[in-house]
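Worksheet: one structure, shown below.
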Amino acid sequence: MGLLTDGHLGRGMLGGRTAYGRSPLSPSPEALDGARVAAGTQPGELVRDVPVTLLDGSGSWLRERLGGRGGDLVVVLVAPGTGVWDSRHWLRAGLMPELAAAVTRLPLEAELVVAEEYAGAAAHTVLAVRPDGHLVAAFHGARTGALQACARALTGA
């Protein structure tokens with residue numbers, strides 16, 4: 001009985017945070033080639049819901065992009081200051097062109113979005129998020145190899 005009660009109270013085995021750190025849907029550290037960084041959320045944990053900007057400049061929430069709406073993978077770039085610029089400007093600046101190109105070359109449907117901030121993640125951190133809201137991996141910058149490793153893990157390749 002205590003197990004069910006604890007679950008309803010948000011503690012214990014049933015009520016704790018659901019994390020799948022050793023999931024086959026997450027690439028191994030070797031596959032990421034040392035690219036992994038801390039992001040306030042561990043791989044396999046549910047990501048926080050944060051406001052994001054889509055590439056067309058419209059706003060949304062990260063959770064609204066999940067569940068397949070953003071594809072098989074949602075790629076979030078943490079880029080402070082993008083909210084003050086029109087998306088036409090930041091789409092051609094910094095690492096955005098390289099990251100956008102890497103996302104379009106993935107062997108699955110993926111969406112790139114930008115967040116002003118994500119608690120625990122530094123600027124230019126990239127979060128790869130599964131459609132069920134669990135973090136696949138976090139890395140810094142436009143790491144094509146790391147993105148490909150995330151896609152391979154999700155597709156079972």
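Only heavy atoms go into these numbers, but all of them, side chains included; no hydrogens, no water, no symmetry mates. Fair warning: this is a prediction, and the values are worked out from it, not measured in the lab.
Applying the side chain to side chain donor-acceptor pair (under 3.5 Å) criterion to E109, with sequence neighbours excluded, gives no partner residue. Residues passing the side chain to side chain donor-acceptor pair (under 3.5 Å) test with R65, sequence neighbours excluded: E111.
D72 is not listed as a side-chain neighbour of L154, based on a closest heavy-atom distance of 4.5 Å or more. When side chains are defined from C-beta on, V74 counts as touching L66, because their heavy atoms get closer than 4.5 Å. In this structure, V52 and S60 have side chains that are in contact, with non-hydrogen atoms separated by less than 4.5 Å.
Atom OH in Y118 sits 14.0 Å away from atom CG in L77 (nearest 0.5 Å). From L99, atom CG reaches atom NE2 of H124 across 10.5 Å, with rounding to the nearest 0.5 Å. Remark: H140 NE2 to T125 OG1 distance equals 6.5 Å, nearest 0.5 Å. Rounding to the nearest 0.5 Å places CG of L135 at 8.5 Å from CD of Q42.
Nearest heavy atom pair, residue G145 against residue R152, reads O-NH2, 4.5 Å. Closest approach of S58 to D56, counting heavy atoms only: OG-OD1, 2.6 Å. Looking at every heavy atom in both residues, L62 comes nearest to R48 through CD2-O, 3.5 Å. Heavy-atom minimum distance, G141 versus V126: O-CG2, 3.3 Å.
Between the side chains of E45 and T41, not a single donor N or O lies within less than 3.5 Å of an accepting N or O.
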Derivation and outcome, side chain to side chain contact (heavy atoms under 4.5 Å, CB included), residues L112 and M96: CA-CA 10 Å; L112 175 59; M96 273 304 288; 3.7 Å; yes
How far apart are the C-alpha atoms of L108 and L73, what are their side-chain angles, what is the distance that settles it, and do they pass the side chain to side chain contact (heavy atoms under 4.5 Å, CB included) test? CA-CA 8 Å; L108 47 71; L73 183 68; 3.7 Å; yes
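Judged by distance alone, the side chain of R63 and the main-chain N or O of V47 form a donor-acceptor pair under 3.5 Å. Counting only distance, with no hydrogens or angles, the side chain of T155 and the backbone of A151 share a donor-acceptor pair below 3.5 Å.
When each of V76, V75, T53, L127 is tested with V113 by the rule side-chain contact (heavy atoms from CB on, under 4.5 Å), just one qualifies, namely V76.
When hydrophobic clusters are built by joining Ile, Leu, Val, Met, Phe, Trp and Tyr residues whose side-chain heavy atoms come closer than 4.5 Å, directly or via intermediates, W61 is not grouped with V78.
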